[in-house]
Q: 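If you scroll down you'll find the structure; I have some questions about it.
Throughout, residue positions are numbered sequentially from 1 according to the sequence presented. Note that the coordinates shown come from a computational prediction; the quantities given were computed from them, not determined experimentally. Computation of the quantities below employed the complete heavy-atom set of this structure, encompassing side-chain atoms and omitting hydrogens, waters and symmetry-equivalent molecules.
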Amino acid sequence: MARIWSRVREVLPERHIIVRVDARVRYVTLRTGTQVSALAVLAAFVGWAGFATVDRTQRAEIIATQQGTIGTLERERQRLNGMLAAERAHYSNATSEIERQYGELRRLLATRGELESEHSATQLRLAEVESNYQRTQTATVDLDREVNALNQRLKSRLAANRLVEQRLTEMASALAGATSGKQQETEIRRNQSSRLSAMQAALAETTDNVLTLRRTLNDRERELGSVASARDLAKSEANRLALQMGILRNDLGTARNSNIDLRRRLAATADALTNTFAGQMQAEQRGSTLAGLVDNLENRLEDVRANQLVLLQGVGERARRNIGSLTRTLEQTGVPVDKMLAAVVSERMGQGGPLIETAIDAPEDSFEHVVGTLEQDLTRWEHMQVLLERIPLARPTMTGYISSKFGRRKDPINGRRSVHKGIDIAAPPRTPVYSTAPGIVTFADWNGAYGRMVEVDHGAGFVTRYGHLRSITVKVGDRVAFHDEVGRMGSSGRSTGSHVHYEVEFEGGLVNPEQFLKAGLHVFKVEDAKG
């Protein structure tokens with residue numbers, strides 16, 4: 001251990017600094033322990049900055065990965081919900097199709113009953129028509145027989161009438177031959193007259209009988225005509241009934257074919273119902289499986305959300321702890337932290353995107369509230385990190401001491417009361433002067449009482465000035481990083497010796513740089529996210 005300490009003392013020997021104040025010369029001893037402490041503080045600050053950056057990046061990647069997993073599970077759940085809705089729609093369509101086919105089946109059964117009843121009625125009518133046709137045939141045969149008998153009787157009557165006419169002709173010729181012997185034959189004439197009267201009476205009777213027979217024959221002929229017309233009508237009715245019978249037989253065949261087709265359709269419908277029922281069962285099984293899968297995914301999603309909630313709550317707690325510690329540290333600068341953060345926010349332009357509000361009003365133990373709160377905390381932490389990059393918390397020199405503080409003082413040249421706008425850090429000439437934060441050089445030249453001066457704009461409202469330099473190593477427009485050299489210490493301008501006049505300006509107003517230096521000593525002690 002002694003060897004190591006001797007080695008350290010060789011590298012960092014004890015240094016003596018000559019300080020001249022009001023014509024008095026003093027010596028300031030910079031011991032090896034002090035130098036080691038300063039280097040340790042610087043190393044701790046650099047290590048903390050690197051570790052915080054890496055840890056923040058890793059934490060952001062973990063959160064992004066978890067959010068991607070949640071999004072994937074949410075999309076999978078939506079896809080499964082869509083599949084379940086499609087299966088339910090298919091089941092509903094199948095049920096509607098079954099109801100429609102059942103209605104069609106009932107209609108076909110009703111049609112079949114109507115056709116069967118109409119077929120029975122048609123068969124009854126056909127039997128009745130056939131019976132009427134048989135009766136008509138029998139009546140026609142009887143009429144034919146009676147007409148034939150009447151014709152025979154008429155023929156016999158006509159033959160008798162011809163015999164009577166022959167006898168009358170003979171008697172007339174005999175009467176004409178006997179005219180010459182009237183007197184002889186007067187008696188014969190009387191006898192013949194009486195006989196002629198009798199024969200005329202018989203002829204009249206026969207004529208009456210012939211007329212009666214003719215009337216009877218005419219009546220029979222009319223009856224025969226009516227019977228013939230009835231027979232023709234019966235034949236036409238029989239033909240019509242036969243045609244209708246053929247049509248009915250065709251309808252019956254069509255009905256039988258329809259019944260066969262109906263049976264086939266019923267069988268197909270039964271098969272379809274069976275298949276639909278099987279499909280329905282499969283759909284229900286698939287729906288149950290999908291519902292179980294959805295429940296499983298939802299449970300897994302809830303587990304993931306619970307794990308995420310625990311993780312986010314831990315991250316949020318650490319972020320709030322770090323924010324609180326860093327806030328208390330930055331409050332030592334004397335500048336309101338919210339005012340500095342507002343300057344950072346106003347500087348970060350060019351942002352946008354859709355508005356997705358976080359549910360801060362949700363219950364405190366809900367995932368949405370935790371995410372919304374964490375989003376706000378991380379945003380504030382990000383702004384504070386940007387602020388740490390802009391705010392000048394380091395010393396502008398590695399050596400030296402504060403020879404004059406900020407505020408009212410006795411002027412070192414004329415001894416009058418005056419206002420000192422910065423602090424003076426005394427050190428040997430040519431001591432390097434560094435930029436206390438990254439920024440852009442806005443002035444690098446002689447500036448009256450300041451002598452050679454460098455002004456650096458760090459953004460977010462912060463500007464630092466380095467005066468009384470011996471030389472300037474930057475030019476206007478240069479972008480300097482943290483701890484880049486901007487010049488060498490000297491005593492140019494209104495100065496009594498080698499030192500650097502260091503000013504810090506925030507939004508146009510000068511602030512005490514010493515408070516920023518004190519805050520910088522505590523920044524390196526802020527706990528990181530792993531706390």
Side-chain angles (χ1 to χ4, degrees), residues 37-38 41-42 44-49 52-53 56 319-348 377 379-398 400-409 419-425 433-440 442 454-467 480-484 486 499-528:
S37 300
V41 169
L42 179 62
F45 174 75
V46 173
W48 173 83
T53 304
R56 179 185 176 188
R320 285 189 292 274
R321 188 165 61 247
N322 291 337
I323 289 172
S325 178
L326 188 56
T327 300
R328 289 190 297 273
T329 300
L330 293 177
E331 286 175 350
Q332 297 181 11
T333 61
V335 180
V337 177
D338 291 336
K339 187 175 182 180
M340 292 189 288
L341 292 177
V344 171
V345 173
S346 64
E347 184 186 56
R348 303 188 69 186
D377 293 338
T379 301
R380 185 175 179 86
W381 176 256
E382 180 182 359
H383 292 162
M384 295 184 79
Q385 293 297 315
V386 176
L387 178 61
L388 285 178
E389 296 176 357
R390 298 285 189 270
I391 189 171
L393 297 175
R395 289 172 60 95
T397 62
M398 295 296 295
Y401 65 96
I402 298 177
S403 60
S404 182
K405 297 181 178 296
F406 176 85
R408 293 185 177 276
R409 70 169 183 175
V419 177
H420 193 212
K421 296 182 179 180
I423 61 173
D424 292 339
I425 300 176
V433 177
Y434 305 104
S435 172
T436 55
I440 299 175
T442 56
V454 173
E455 183 181 84
V456 179
D457 186 356
H458 305 283
F462 285 99
V463 175
T464 56
R465 298 184 182 92
Y466 313 85
V480 294
F482 170 71
H483 212 257
D484 279 354
V486 297
H499 74 283
V500 60
H501 176 78
Y502 177 58
E503 289 183 4
V504 176
E505 179 183 295
F506 176 69
E507 293 187 343
L510 293 173
V511 294
N512 189 356
E514 192 172 359
Q515 292 180 334
F516 282 78
L517 298 182
K518 292 180 181 180
L521 294 176
H522 292 84
V523 165
F524 306 115
K525 299 180 182 180
V526 175
E527 295 180 352
D528 55 35

Q: Are side-chain heavy atoms of Leu388 and Leu326 found at a separation under 4.5 Å?
A: yes

Q: To the nearest 0.5 angstrom, please state how far the CD atom of Glu514 sits from the CZ atom of Arg395.
A: 9.5 Å

Q: Dump the intermediate steps for side-chain contact (heavy atoms from CB on, under 4.5 Å) on Tyr434 and Met398, then the final yes or no.
A: CA-CA 8 Å; Tyr434 305 104; Met398 295 296 295; 3.6 Å; yes

Q: Pairs under 3.5 angstrom only: tabulate donor-acceptor contacts from the side chains of residues 456-464 to other protein residues two or more places apart or in another chain.
A:
unit_1: Asp457; atom_1: OD1; unit_2: Gly459; atom_2: N; d: 3.0
unit_1: His458; atom_1: ND1; unit_2: Ala437; atom_2: O; d: 3.0
unit_1: His458; atom_1: ND1; unit_2: Pro438; atom_2: O; d: 2.9
unit_1: His458; atom_1: NE2; unit_2: Thr464; atom_2: OG1; d: 2.6
unit_1: Thr464; atom_1: OG1; unit_2: Tyr466; atom_2: OH; d: 2.9

Q: How long is the span from the NE2 atom in His501 to the CD atom in Glu503, to the nearest 0.5 Å?
A: 3.5 Å

Q: So, for Pro392 and Phe516, which heavy atoms are closest and what is the spacing to 0.1 Å?
A: O-CB, 3.4 Å

Q: My understanding is that only residues two or more places apart in sequence, or in another chain, count here; which of them pass side-chain hydrogen bond (donor to acceptor under 3.5 Å, both in side chains) with Glu505?
A: Arg465

Q: Measure from the side-chain N and O atoms of Thr333 to the backbone N and O of Leu330, and report whether any donor-acceptor pair falls under 3.5 Å.
A: yes

Q: What residues, two or more places apart in sequence or in another chain, satisfy side-chain hydrogen bond (donor to acceptor under 3.5 Å, both in side chains) together with Gln332?
A: His522

Q: Taking atom CD1 of Ile323 and atom CG of Asp377, what is their separation to the nearest 0.5 Å?
A: 5.0 Å

Q: Atom CZ of Arg56 and atom CD of Glu382: how far apart are they, to the nearest 0.5 Å?
A: 5.0 Å

Q: Which one of Thr436, Thr397, Asp424 satisfies the side-chain hydrogen bond (donor to acceptor under 3.5 Å, both in side chains) criterion with Tyr502?
A: Thr436

Q: Decide yes or no on side-chain contact (heavy atoms from CB on, under 4.5 Å) for Asn512 and Ile423, but give the supporting numbers first.
A: CA-CA 8 Å; Asn512 189 356; Ile423 61 173; 4.1 Å; yes

Q: Measure the OG1-NZ distance between Thr329 and Lys518 for me, rounded to the nearest 0.5 Å.
A: 14.0 Å

Q: Out of curiosity, Leu341 CG to Thr327 OG1, how far, rounded to the nearest 0.5 Å?
A: 7.5 Å

Q: Taking all atoms of both residues into account, what is the closest heavy-atom pair of Pro513 and Val511, and its distance?
A: CD-O, 3.0 Å

Q: Is the shortest side-chain N to carboxylate O distance from Arg380 to Asp338 below 4.0 Å?
A: yes

Q: Do you know the tightest heavy-atom contact between Phe406 and Leu510?
A: CZ-O, 4.3 Å

